[in-house]
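Each chain gets a letter, A, B and so on, in the order its sequence line appears, and its residues count up from 1. Quantities reported herein were computed from a predicted structural model and do not represent experimental measurements.
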2 protein chains.
Amino acid sequence: METQNVSDMIEQYLKNILQEHQHIEIRRAEIAQQFDVVPSQINYVIKTRFTIQNGYLVESKRGGGGYIRIAKVRLLEDNQVLDLLIAAIGTTVSQHDAIAVVQSLFEDKLISPREAGLILATIDKDTLRIHDTQTENAMRARILIGILNRLRFKS
Amino acid sequence: METQNVSDMIEQYLKNILQEHQHIEIRRAEIAQQFDVVPSQINYVIKTRFTIQNGYLVESKRGGGGYIRIAKVRLLEDNQVLDLLIAAIGTTVSQHDAIAVVQSLFEDKLISPREAGLILATIDKDTLRIHDTQTENAMRARILIGILNRLRFKS
DNA sequence: ATCACTTTGACTAATCCTGACTTTATTATC
DNA sequence: GATAATAAAGTCAGGATTAGTCAAAGTGAT
(Lines give C-alpha, C1' and ligand atoms only; values in the text may rest on other atoms or scores of the structure.)
Protein backbone atom coordinates (compact mmCIF):
# COMPACT_ATOMS: atom_id res chain seq x y z
CA MET A 1 0.00 0.00 0.00
CA GLU A 2 0.90 3.63 -0.20
CA THR A 3 2.41 5.59 2.59
CA GLN A 4 -0.67 7.26 3.90
CA ASN A 5 0.16 10.83 4.57
CA VAL A 6 -2.70 13.14 5.42
CA SER A 7 -3.02 14.51 1.91
CA ASP A 8 -3.49 11.00 0.57
CA MET A 9 -6.14 10.34 3.18
CA ILE A 10 -8.06 13.48 2.34
CA GLU A 11 -7.81 12.62 -1.34
CA GLN A 12 -9.16 9.15 -0.67
CA TYR A 13 -11.95 10.45 1.49
CA LEU A 14 -13.15 12.86 -1.17
CA LYS A 15 -12.78 10.40 -4.03
CA ASN A 16 -14.75 7.79 -2.16
CA ILE A 17 -17.65 10.17 -1.89
CA LEU A 18 -17.27 11.07 -5.56
CA GLN A 19 -17.70 7.44 -6.53
CA GLU A 20 -21.29 7.64 -5.44
CA HIS A 21 -22.03 11.29 -6.12
CA GLN A 22 -21.45 13.26 -9.28
CA HIS A 23 -20.18 16.18 -7.25
CA ILE A 24 -19.62 17.17 -3.66
CA GLU A 25 -19.69 20.44 -1.85
CA ILE A 26 -17.51 20.95 1.17
CA ARG A 27 -16.62 23.67 3.61
CA ARG A 28 -12.90 23.97 3.67
CA ALA A 29 -12.66 24.62 7.39
CA GLU A 30 -14.78 21.57 8.20
CA ILE A 31 -12.66 19.11 6.27
CA ALA A 32 -9.52 20.66 7.67
CA GLN A 33 -10.80 20.23 11.18
CA GLN A 34 -11.91 16.70 10.46
CA PHE A 35 -8.37 15.74 9.46
CA ASP A 36 -6.70 18.10 11.91
CA VAL A 37 -4.74 20.11 9.35
CA VAL A 38 -4.62 23.78 8.48
CA PRO A 39 -7.32 24.87 6.01
CA SER A 40 -4.87 25.71 3.26
CA GLN A 41 -3.86 22.08 3.05
CA ILE A 42 -7.23 21.41 1.51
CA ASN A 43 -6.20 23.74 -1.29
CA TYR A 44 -2.99 21.81 -1.67
CA VAL A 45 -4.81 18.49 -1.93
CA ILE A 46 -7.20 19.90 -4.51
CA LYS A 47 -4.48 21.49 -6.58
CA THR A 48 -2.33 18.39 -6.69
CA ARG A 49 -4.99 15.68 -6.92
CA PHE A 50 -8.16 17.06 -8.41
CA THR A 51 -6.83 18.46 -11.64
CA ILE A 52 -8.62 18.88 -14.93
CA GLN A 53 -6.32 16.32 -16.52
CA ASN A 54 -7.64 13.81 -14.04
CA GLY A 55 -11.20 14.75 -14.80
CA TYR A 56 -12.16 16.96 -11.91
CA LEU A 57 -13.76 20.38 -12.04
CA VAL A 58 -13.47 22.60 -9.01
CA GLU A 59 -15.35 25.74 -8.21
CA SER A 60 -15.60 27.71 -5.02
CA LYS A 61 -17.05 30.74 -3.35
CA ARG A 62 -15.66 32.78 -0.46
CA GLY A 63 -17.50 34.69 2.21
CA GLY A 64 -20.64 33.78 4.09
CA GLY A 65 -22.05 30.51 2.83
CA GLY A 66 -18.79 29.80 1.05
CA TYR A 67 -17.96 26.37 -0.31
CA ILE A 68 -15.68 24.30 -2.49
CA ARG A 69 -17.43 22.13 -5.03
CA ILE A 70 -15.68 19.27 -6.79
CA ALA A 71 -17.25 17.52 -9.76
CA LYS A 72 -16.10 14.40 -11.54
CA VAL A 73 -16.40 14.39 -15.30
CA ARG A 74 -15.98 11.52 -17.69
CA LEU A 75 -12.89 11.58 -19.88
CA LEU A 76 -12.38 10.18 -23.35
CA GLU A 77 -10.64 6.82 -23.24
CA ASP A 78 -8.27 7.54 -26.07
CA ASN A 79 -6.76 10.96 -25.83
CA GLN A 80 -3.42 10.16 -27.37
CA VAL A 81 -3.99 12.75 -30.06
CA LEU A 82 -4.51 15.37 -27.41
CA ASP A 83 -1.44 14.26 -25.49
CA LEU A 84 0.68 14.47 -28.60
CA LEU A 85 -0.59 17.91 -29.50
CA ILE A 86 -0.04 19.21 -25.99
CA ALA A 87 3.48 17.84 -25.98
CA ALA A 88 4.16 19.37 -29.38
CA ILE A 89 2.95 22.79 -28.30
CA GLY A 90 4.99 22.90 -25.15
CA THR A 91 5.20 26.37 -23.70
CA THR A 92 5.08 28.47 -26.82
CA VAL A 93 3.31 28.38 -30.15
CA SER A 94 3.12 30.73 -33.14
CA GLN A 95 -0.20 31.65 -34.69
CA HIS A 96 0.80 29.70 -37.77
CA ASP A 97 1.43 26.51 -35.82
CA ALA A 98 -1.65 27.04 -33.69
CA ILE A 99 -3.81 27.23 -36.77
CA ALA A 100 -2.34 23.93 -37.89
CA VAL A 101 -3.26 22.39 -34.54
CA VAL A 102 -6.85 23.61 -34.83
CA GLN A 103 -6.94 22.34 -38.38
CA SER A 104 -5.86 18.88 -37.29
CA LEU A 105 -8.41 18.86 -34.49
CA PHE A 106 -11.03 19.59 -37.08
CA GLU A 107 -9.81 16.90 -39.43
CA ASP A 108 -9.82 14.38 -36.60
CA LYS A 109 -13.41 15.43 -35.91
CA LEU A 110 -12.55 16.43 -32.38
CA ILE A 111 -14.14 19.83 -32.95
CA SER A 112 -16.89 21.23 -35.17
CA PRO A 113 -16.32 23.97 -37.75
CA ARG A 114 -18.04 26.43 -35.46
CA GLU A 115 -15.82 25.44 -32.54
CA ALA A 116 -12.78 25.78 -34.75
CA GLY A 117 -13.87 29.33 -35.56
CA LEU A 118 -14.32 30.21 -31.92
CA ILE A 119 -10.94 28.79 -30.99
CA LEU A 120 -9.22 30.63 -33.81
CA ALA A 121 -10.80 33.87 -32.63
CA THR A 122 -9.33 33.46 -29.16
CA ILE A 123 -5.78 32.72 -30.25
CA ASP A 124 -5.72 35.32 -32.99
CA LYS A 125 -2.85 37.79 -32.91
CA ASP A 126 -5.30 40.70 -32.98
CA THR A 127 -7.25 39.30 -30.05
CA LEU A 128 -4.23 38.68 -27.85
CA ARG A 129 -2.70 42.01 -28.84
CA ILE A 130 0.62 41.38 -27.13
CA HIS A 131 3.51 43.28 -28.61
CA ASP A 132 6.26 40.97 -27.51
CA THR A 133 6.20 37.91 -29.75
CA GLN A 134 7.62 35.57 -27.13
CA THR A 135 4.97 36.59 -24.61
CA GLU A 136 2.27 36.32 -27.24
CA ASN A 137 3.31 32.80 -28.21
CA ALA A 138 3.49 31.72 -24.59
CA MET A 139 -0.01 33.04 -23.94
CA ARG A 140 -1.31 31.33 -27.06
CA ALA A 141 0.21 28.05 -25.91
CA ARG A 142 -1.51 28.27 -22.52
CA ILE A 143 -4.88 29.02 -24.07
CA LEU A 144 -4.57 26.27 -26.64
CA ILE A 145 -3.51 23.74 -24.04
CA GLY A 146 -6.42 24.81 -21.85
CA ILE A 147 -8.71 24.06 -24.75
CA LEU A 148 -7.06 20.73 -25.48
CA ASN A 149 -7.47 19.66 -21.87
CA ARG A 150 -11.12 20.62 -22.08
CA LEU A 151 -11.51 18.44 -25.12
CA ARG A 152 -10.64 15.42 -23.00
CA PHE A 153 -14.12 15.67 -21.52
CA LYS A 154 -16.85 13.44 -22.75
CA SER A 155 -20.00 15.30 -23.66
CA MET B 1 -28.18 24.42 -4.30
CA GLU B 2 -27.23 23.41 -0.80
CA THR B 3 -25.63 26.72 0.05
CA GLN B 4 -28.18 29.07 1.41
CA ASN B 5 -27.40 32.53 2.50
CA VAL B 6 -30.17 35.09 2.41
CA SER B 7 -28.87 36.79 -0.72
CA ASP B 8 -29.07 33.50 -2.60
CA MET B 9 -32.63 33.03 -1.43
CA ILE B 10 -33.68 36.49 -2.53
CA GLU B 11 -31.99 35.92 -5.86
CA GLN B 12 -33.82 32.64 -6.30
CA TYR B 13 -37.13 34.16 -5.33
CA LEU B 14 -36.84 36.93 -7.89
CA LYS B 15 -35.53 34.67 -10.64
CA ASN B 16 -38.37 32.26 -10.12
CA ILE B 17 -40.85 35.02 -10.76
CA LEU B 18 -38.85 36.15 -13.77
CA GLN B 19 -39.15 32.73 -15.32
CA GLU B 20 -42.83 33.35 -15.82
CA HIS B 21 -42.84 37.10 -16.28
CA GLN B 22 -40.69 39.15 -18.61
CA HIS B 23 -40.13 41.71 -15.89
CA ILE B 24 -41.11 42.37 -12.31
CA GLU B 25 -41.58 45.47 -10.26
CA ILE B 26 -40.89 45.36 -6.57
CA ARG B 27 -40.88 47.68 -3.60
CA ARG B 28 -37.53 47.40 -1.95
CA ALA B 29 -38.85 47.70 1.60
CA GLU B 30 -41.41 44.97 1.04
CA ILE B 31 -38.93 42.38 -0.16
CA ALA B 32 -36.55 43.34 2.62
CA GLN B 33 -39.26 42.82 5.21
CA GLN B 34 -40.28 39.55 3.63
CA PHE B 35 -36.76 38.17 4.06
CA ASP B 36 -36.05 40.04 7.28
CA VAL B 37 -33.03 41.97 6.05
CA VAL B 38 -32.19 45.65 5.80
CA PRO B 39 -33.45 47.32 2.62
CA SER B 40 -29.98 48.01 1.28
CA GLN B 41 -29.37 44.29 1.03
CA ILE B 42 -31.82 44.27 -1.85
CA ASN B 43 -29.48 46.67 -3.63
CA TYR B 44 -26.63 44.33 -2.88
CA VAL B 45 -28.48 41.36 -4.34
CA ILE B 46 -29.35 43.30 -7.46
CA LYS B 47 -25.89 44.69 -7.90
CA THR B 48 -24.25 41.30 -7.60
CA ARG B 49 -26.80 39.06 -9.33
CA PHE B 50 -28.94 41.05 -11.73
CA THR B 51 -26.30 42.71 -13.88
CA ILE B 52 -26.26 43.00 -17.63
CA GLN B 53 -23.62 40.25 -17.58
CA ASN B 54 -26.28 38.06 -16.04
CA GLY B 55 -28.78 39.19 -18.66
CA TYR B 56 -30.86 41.58 -16.61
CA LEU B 57 -31.72 45.24 -16.93
CA VAL B 58 -32.73 47.18 -13.85
CA GLU B 59 -34.40 50.53 -13.50
CA SER B 60 -35.82 52.23 -10.46
CA LYS B 61 -37.45 55.31 -9.11
CA ARG B 62 -37.12 56.90 -5.66
CA GLY B 63 -39.63 58.87 -3.67
CA GLY B 64 -43.34 58.27 -3.23
CA GLY B 65 -44.51 55.42 -5.40
CA GLY B 66 -40.95 54.34 -5.91
CA TYR B 67 -40.06 50.93 -7.33
CA ILE B 68 -37.34 48.69 -8.67
CA ARG B 69 -38.04 47.04 -11.98
CA ILE B 70 -36.02 44.07 -13.18
CA ALA B 71 -36.25 42.76 -16.73
CA LYS B 72 -34.72 39.64 -18.26
CA VAL B 73 -33.15 40.34 -21.64
CA ARG B 74 -31.42 38.29 -24.30
CA LEU B 75 -27.87 39.38 -24.89
CA LEU B 76 -27.66 39.24 -28.66
CA GLU B 77 -31.33 39.85 -29.28
CA ASP B 78 -30.78 43.44 -30.22
CA ASN B 79 -27.63 45.41 -30.71
CA GLN B 80 -28.53 47.83 -27.98
CA VAL B 81 -28.32 45.13 -25.35
CA LEU B 82 -25.11 43.79 -26.83
CA ASP B 83 -23.62 47.26 -26.86
CA LEU B 84 -24.55 47.68 -23.22
CA LEU B 85 -22.84 44.41 -22.44
CA ILE B 86 -19.72 45.26 -24.38
CA ALA B 87 -19.63 48.64 -22.71
CA ALA B 88 -20.00 46.98 -19.31
CA ILE B 89 -17.06 44.73 -20.08
CA GLY B 90 -15.05 47.60 -21.46
CA THR B 91 -11.36 46.85 -21.49
CA THR B 92 -11.25 44.71 -18.38
CA VAL B 93 -13.35 41.89 -16.94
CA SER B 94 -13.00 39.64 -13.91
CA GLN B 95 -13.31 35.90 -14.21
CA HIS B 96 -16.47 36.09 -12.15
CA ASP B 97 -18.17 38.51 -14.54
CA ALA B 98 -16.90 36.66 -17.60
CA ILE B 99 -18.41 33.43 -16.33
CA ALA B 100 -21.72 35.23 -15.91
CA VAL B 101 -21.61 36.32 -19.54
CA VAL B 102 -20.86 32.82 -20.79
CA GLN B 103 -23.61 31.47 -18.60
CA SER B 104 -26.03 33.97 -20.10
CA LEU B 105 -25.01 33.06 -23.63
CA PHE B 106 -25.68 29.46 -22.78
CA GLU B 107 -29.05 30.21 -21.22
CA ASP B 108 -30.04 32.14 -24.32
CA LYS B 109 -29.03 29.10 -26.38
CA LEU B 110 -26.49 31.10 -28.33
CA ILE B 111 -23.78 28.58 -27.49
CA SER B 112 -23.84 24.88 -26.70
CA PRO B 113 -22.72 23.45 -23.35
CA ARG B 114 -19.57 22.22 -25.02
CA GLU B 115 -18.82 25.63 -26.49
CA ALA B 116 -19.44 27.18 -23.10
CA GLY B 117 -16.89 24.81 -21.62
CA LEU B 118 -14.31 25.66 -24.24
CA ILE B 119 -14.82 29.39 -23.77
CA LEU B 120 -14.57 29.03 -20.01
CA ALA B 121 -11.30 27.18 -20.44
CA THR B 122 -9.81 30.07 -22.41
CA ILE B 123 -10.77 32.76 -19.92
CA ASP B 124 -9.85 30.76 -16.85
CA LYS B 125 -7.40 32.41 -14.52
CA ASP B 126 -5.23 29.31 -14.42
CA THR B 127 -5.15 29.22 -18.19
CA LEU B 128 -4.17 32.85 -18.63
CA ARG B 129 -1.77 32.64 -15.71
CA ILE B 130 -0.95 36.35 -15.62
CA HIS B 131 0.27 37.51 -12.25
CA ASP B 132 -0.94 41.08 -12.58
CA THR B 133 -4.72 41.12 -12.17
CA GLN B 134 -5.22 44.19 -14.34
CA THR B 135 -3.33 42.65 -17.23
CA GLU B 136 -5.18 39.38 -16.75
CA ASN B 137 -8.57 41.10 -16.82
CA ALA B 138 -7.63 43.11 -19.89
CA MET B 139 -6.63 39.96 -21.75
CA ARG B 140 -9.85 38.27 -20.71
CA ALA B 141 -11.87 41.23 -21.95
CA ARG B 142 -10.27 41.07 -25.38
CA ILE B 143 -10.95 37.36 -25.70
CA LEU B 144 -14.53 37.65 -24.53
CA ILE B 145 -15.35 40.61 -26.75
CA GLY B 146 -13.74 38.81 -29.66
CA ILE B 147 -16.11 35.92 -29.05
CA LEU B 148 -19.14 38.17 -28.64
CA ASN B 149 -18.45 39.93 -31.89
CA ARG B 150 -17.95 36.64 -33.61
CA LEU B 151 -21.31 35.42 -32.34
CA ARG B 152 -22.94 38.64 -33.40
CA PHE B 153 -21.82 38.41 -36.98
CA LYS B 154 -21.73 34.69 -37.61
CA SER B 155 -24.99 33.60 -36.08
C1' DA C 1 23.00 15.21 0.46
C1' DT C 2 19.57 16.05 -2.55
C1' DC C 3 15.14 16.42 -4.40
C1' DA C 4 10.34 16.10 -4.58
C1' DC C 5 6.51 16.21 -1.91
C1' DT C 6 3.99 17.66 2.32
C1' DT C 7 2.63 20.73 5.99
C1' DT C 8 2.16 25.14 8.12
C1' DG C 9 0.68 29.85 8.91
C1' DA C 10 0.79 34.73 7.82
C1' DC C 11 -1.22 37.47 4.67
C1' DT C 12 -4.71 38.44 0.89
C1' DA C 13 -9.14 38.52 -1.47
C1' DA C 14 -13.95 37.77 -2.09
C1' DT C 15 -18.61 37.75 -0.34
C1' DC C 16 -22.22 38.79 2.86
C1' DC C 17 -24.75 41.73 5.90
C1' DT C 18 -25.73 46.02 8.35
C1' DG C 19 -26.71 50.80 9.30
C1' DA C 20 -25.81 55.64 8.94
C1' DC C 21 -26.21 58.99 5.70
C1' DT C 22 -27.60 60.87 0.96
C1' DT C 23 -30.49 61.66 -3.02
C1' DT C 24 -34.73 61.92 -5.42
C1' DA C 25 -39.76 62.11 -6.00
C1' DT C 26 -44.30 62.96 -4.34
C1' DT C 27 -47.65 65.08 -1.32
C1' DA C 28 -49.24 68.55 1.95
C1' DT C 29 -49.31 73.27 3.53
C1' DC C 30 -48.95 78.08 3.15
C1' DG D 1 -46.31 78.48 -6.94
C1' DA D 2 -42.95 77.93 -3.20
C1' DT D 3 -41.71 75.46 0.66
C1' DA D 4 -41.90 71.75 4.02
C1' DA D 5 -42.83 67.12 5.14
C1' DT D 6 -42.90 62.53 3.85
C1' DA D 7 -41.70 58.47 1.27
C1' DA D 8 -39.27 56.02 -1.22
C1' DA D 9 -34.44 54.09 -3.27
C1' DG D 10 -29.03 54.68 -3.50
C1' DT D 11 -24.27 54.83 -1.62
C1' DC D 12 -20.64 53.62 1.07
C1' DA D 13 -17.75 51.95 4.48
C1' DG D 14 -16.99 48.60 8.04
C1' DG D 15 -17.28 44.15 10.42
C1' DA D 16 -17.86 39.18 9.88
C1' DT D 17 -17.16 35.07 7.35
C1' DT D 18 -15.45 32.38 4.30
C1' DA D 19 -11.60 30.61 0.66
C1' DG D 20 -6.90 31.56 -1.90
C1' DT D 21 -1.86 32.48 -2.26
C1' DC D 22 2.74 31.97 -1.30
C1' DA D 23 6.94 31.01 0.72
C1' DA D 24 9.31 28.77 4.34
C1' DA D 25 10.02 24.78 7.05
C1' DG D 26 9.56 19.79 7.56
C1' DT D 27 9.77 14.83 5.83
C1' DG D 28 11.22 10.86 3.46
C1' DA D 29 13.03 8.22 -0.35
C1' DT D 30 16.93 7.66 -3.26
I'd like to check the ring pair (Phe, Tyr, Trp, His ring centres under 6.0 Å) partners of [X]; sequence neighbours left out, ordered by chain and number.
| X | value |
| --- | --- |
| F106(B) | none |
| F35(A) | Y13(A) |
| F50(A) | Y56(A) |

Which whole-number value in Å describes the distance from [X] [atom1] to [N] [atom2]?
| X | N | atom1 | atom2 | answer |
| --- | --- | --- | --- | --- |
| E136(B) | dG20(D) | CD | C1' | 13 Å |
| Q41(A) | dC22(D) | CD | P | 18 Å |
| D8(A) | dG28(D) | CG | P | 13 Å |
| I70(A) | dA19(D) | CD1 | P | 12 Å |

Please table the atom pairs, donor to acceptor, closer than 3.5 Å between any side-chain atom in residues 126-134 of chain B and protein atoms at least two apart or in another chain.
residue : atom : partner : partner atom : Å
T127(B) : OG1  : A121(B) : O            : 2.7
R129(B) : NE   : D126(B) : O            : 3.1
D132(B) : OD2  : T135(B) : N            : 3.2
D132(B) : OD2  : T135(B) : OG1          : 2.5

What do you reckon, is CG of D36(A) surrounded by more than 12 foreign heavy atoms closer than 6.0 Å?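 No, the 6.0 Å shell around CG holds no more than 12 heavy atoms from other groups.
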What contact category does R49(B) fall into here, base, sugar-phosphate, or nothing, at under 4.0 angstrom with non-hydrogen atoms?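 Since only primed, P, OP1 and OP2 atoms lie under 4.0 Å of R49(B), the category is sugar-phosphate.
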Under 4.0 Å, counting only non-hydrogen atoms across every strand here, what does V37(A) touch: a base, just sugar-phosphate, or nothing?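 V37(A): backbone/sugar contact only, no base atoms under 4.0 Å.
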List in chain and number order the residues that pass salt bridge (charged side-chain N to carboxylate O under 4.0 Å, His left out) with E30(A), two or more places apart in sequence or in another chain; answer none if no residue qualifies.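 Scan of E30(A) (salt bridge (charged side-chain N to carboxylate O under 4.0 Å, His left out), adjacent residues dropped) gives none.
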Set of side chain to side chain contact (heavy atoms under 4.5 Å, CB included) partners for E59(B), sequence neighbours left out: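 Once residues adjacent in sequence are excluded, the partners of E59(B) under the side chain to side chain contact (heavy atoms under 4.5 Å, CB included) criterion are Y67(B), R69(B).
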In B/S/- notation, 5' to 3', how is nucleotides 7-13 of chain D contacted by protein heavy atoms closer than 4.0 Å? BBBBB--
Just to verify, what does Y44(A) make a side-chain hydrogen bond (donor to acceptor under 3.5 Å, both in side chains) with, not counting sequence neighbours?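 Expected list: none.
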S7(B) or Y44(A), whichever maps to the more 5' nucleotide of DNA chain C: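 This one resolves to Y44(A).
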What protein N or O atoms touch nucleotides 25-27 of chain D N or O atoms at under 3.5 angstrom, if any, and at what distances?
none

With no hydrogens and no angle check, is any side-chain donor or acceptor of Q53(B) less than 3.5 Å from a backbone partner on A100(B)?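 No, Q53(B) side chain to A100(B) backbone: no donor-acceptor pair under 3.5 Å.
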Sort and list the pairs that fulfil side-chain hydrogen bond (donor to acceptor under 3.5 Å, both in side chains) and have at least one residue in residues 139-155 of chain A, not counting sequence neighbours.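 Sorted pair list: E77(A)-K154(A), D83(A)-R152(A), E136(A)-R140(A), N137(A)-R140(A), N149(A)-R152(A).
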Do any pairs count as a salt bridge (charged side-chain N to carboxylate O under 4.0 Å, His left out) and have a residue in residues 96-108 of chain A, sequence neighbours left out, and if so which ones?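 Residue pairs passing salt bridge (charged side-chain N to carboxylate O under 4.0 Å, His left out), neighbours aside: none found.
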Identify the 5'-most and 3'-most nucleotides of DNA chain C with at least one atom closer than 4.0 Å to a non-hydrogen atom of chain B.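 Contacts span dT15(C) to dT26(C), reading 5' to 3'.
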